[in-house]
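Below: the structure, in structure tokens.
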Amino acid sequence: MPIPFRSSVLRALALVLAMSPATRAAPAPADLVVLNGKVLTVDDGFRVAEAVAIRDGVFVLVGTSAQARALVGPRTRVVDAAGKTVIPGLIDSHVHALGVAESQAGGSFRDLRTIAEIQAWIREQTAAARGGQWVFSPRVFPTRLAERRLPTRAELDEAAPRHPVVVDAAYALMVNTAALQAAGIGPDTPPPPGGSIVKDEQGRPTGLLRNVGGLLDRYKAGGRPERLLPALEEVHRRYNEVGITSVIERAASLAGYRAYAQLRDEGRQRVRATVTLRVDSDGTVEGTEAFIRSLALRFGDGDDRLRVGPLKIFADGGILAGTAFMRELYGPAAASLYGVADPAYRGFLTISAEKIRNIVRTGHRLGWQMCAHVTGDAGVDTVLDAFEAADADRPIRDRRFTLIHAYFPTAAVARRAAALGVAVDTQPAWYYKDADALLPALGEARLRPFLGLAEWLRAGVKVVLNTDHMFGVDPDHSLNPYNPFLTMYVAVTRRTEGGQVIGPEQAVSREDALRMMTANAAWLSFEENRKGSIEVGKLGDLAVLSDDYLACAPERIRAIRSLVTVLGGTVVYEADGRR
Ligand SMILES: [Zn+2]
């Protein structure tokens, strides 16, 4: 495929030509025009146009088909939208494409839906493994298993009496007896930093490990680094197929950033990317400063293709695994979903409030935008305390600090975030896939504001919607599904996968949902003057859609597909039948 990004030399040359007297009279032809569309510009007035023209990677016209036709030259690519809706290229502002690529490089993702399927998968794996070799499951969540709980240690022992087995639920792991033995985890083992080893009444580990991060990573088989780049390129190609032209990679190491830089340098980058870097420090001011300096990168460095994004910390766990830090007790109804025996349990922070404050203030002092993974309402309180401390050092209002997930907003919390200019990055897919299972466990009062988009909007908080895509490459059946139209469908309808509507007052308009995946997302990475809307001078990224996003029946929104995806004026995807 052609390289979608023009070199700056070409751009400079084009500028010189554009200024020459010969071309001043008649405007230079466009590289690509889209005619006869219903163009949702997503500009401030949500203006609708009919046609666009792109030259040298940017929109040079947004207007009527007649105006655009005047810019068609012998080498102009003409896309007839035939009445279809055209939107700005979508921005998925929270993906883990690097993680997807790494797991795809090691074999394709399996979506396990029952404990029996997990056991069968384990038997398959152990039959092929040497004795003593560790087996790590694909990611599963108790909310997405038919039994609505993780397998017990005994169920894992039944499937794997000899091989150490780890069932991965992200912010919780369930392991079998062989794994406890091989890792040396016993009644006297102290909890690792930020995590807990759950024990029964006799003080023996049950096999459930909460928020233990990479504690068992050293037992994983090594990856295949030579397969990473092609796999990453392939993930990005899949994004193009659903209309995505930009991403924010949401928790990379320096090596992950370098993988993106290599794709860029080799002309293989198919989406614009901002790379969020995960803070890896001891939580002291000195340690954090040393970590940041070791990156040898500055926030915002880069260009329209690749930018150095914010720093990210992890404040608590997740609501799917019962490790979100909540104001109220999880309660008895949540016991089986989460394997909670302690009646006073309400989750916990994975790093102390003091460390959160140290990291946030240090990053801010060194000029970085800061963002925090935080799911529970008590966790949000703690992170906002840290943001306020940073704000007291020097105002953070224009730094666009971000709460990631922040599932249970109240009006007061939303006002507090708004006062600080804090944005929210959140994922309707969690509501869609998990609210059916969370409802009986947590109760309706707690679930009504779950992913409560309207609550944030009412307070004036800028919200970006995205998918948290981390495994698999099917738009509707990966974890999470990265189909952006599913995300917007859920934001608009508040419908769960099971068809329930919990907290209909939290639904937002179609216009708002689209803005949250375009203009707001561009704003989050300080690129609102470059992209996120179809306006003259902005980057020529767009998608032509299969259905009328604004007018189709609500149920059809999630089935919308991109027919043509354009990145910087180059077609990077075209559906079958349109070629
Ligand atoms: Zn994530």
Side-chain angles (χ1 to χ4, degrees), residues 90-104 109 138-141 143-144 168-173 194 211-214 217 232 235-236 238-239 244 246-253 256-257 259-260 271 273-280 309-321 323-325 347 350-351 369-376 379-380 383 401-408 423-434 450-451 463-473 475 478-484 486-487 490 516-517 521 524-525:
L90 293 166
I91 303 173
D92 193 331
S93 50
H94 186 145
V95 297
H96 301 280
L98 286 162
V100 179
E102 202 175 302
S103 99
Q104 290 297 115
F109 175 69
R139 174 95 20 111
V140 297
F141 290 115
T143 47
R144 297 187 191 182
D168 169 12
Y171 299 100
L173 306 176
N211 287 343
V212 296
D217 280 358
L232 184 59
V235 176
H236 292 163
R238 302 282 183 142
Y239 290 165
I244 294 169
S246 292
V247 298
I248 300 184
E249 182 71 43
R250 219 31 166 162
S253 62
Y257 172 79
Y260 269 86
V271 292
T274 295
V275 177
T276 305
L277 294 154
R278 180 181 184 145
V279 175
D280 183 10
L311 295 178
K312 180 175 181 181
I313 59 167
F314 288 76
D316 70 350
I319 195 64
L320 276 57
T323 51
F325 182 37
T350 52
I351 55 172
Q369 180 187 27
M370 301 301 293
C371 60
H373 163 107
V374 58
T375 57
V380 168
V383 169
F401 283 15
T402 310
L403 298 170
I404 298 175
H405 307 303
Y407 290 141
F408 303 99
V424 168
D425 150 356
T426 201
Q427 303 82 25
W430 298 117
Y431 171 91
Y432 179 73
K433 297 292 289 186
D434 303 297
F450 179 46
L451 259 297
V463 178
V464 297
L465 294 186
N466 43 57
T467 66
D468 211 352
H469 176 218
M470 48 182 104
F471 292 99
V473 289
S478 47
L479 192 167
N480 278 331
Y482 59 87
N483 169 8
L486 176 67
T487 286
V490 179
M516 290 173 183
M517 290 206 82
L524 190 69
S525 58

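For the single chain, residues carry numbers from 1 onward in sequence order. Indexing begins at 1, ligand by ligand and atom by atom, following the structure's order.
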Arg139 side, atom CZ; Leu479 side, atom CG - distance, nearest 0.5 Å: 7.0 Å
From Cys371 atom SG to Leu311 atom CG, the distance as rounded to the nearest 0.5 Å: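 If we round to the nearest 0.5 Å, Cys371:SG and Leu311:CG are 7.5 Å apart.
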Distance-only side-chain donor-acceptor flag, Asp316 / Thr375, under 3.5 Å: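 Yes, a side-chain donor-acceptor pair sits under 3.5 Å.
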Centroid-centroid under 6.0 Å between Tyr260 and His236 rings: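 Yes, close enough.
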Aromatic Phe314 / basic Arg278 pairing, under 6.0 angstrom, 45° off normal: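 Relative to the ring axis of Phe314, which defines the angle, Arg278 lies inside both limits.
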Single hit among His373, His405, His469 for ring-ring contact (aromatic ring centres under 6.0 Å, His included) with His94: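 Exactly one candidate clears the test, His405.
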For the Zn ion (ligand 1), every protein N/O/S atom that sits closer than 2.8 Å, waters excluded: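 Counting only protein N, O or S atoms under 2.8 Å from the Zn ion (ligand 1), the list reads His94 NE2, His96 NE2, Asp468 OD1.
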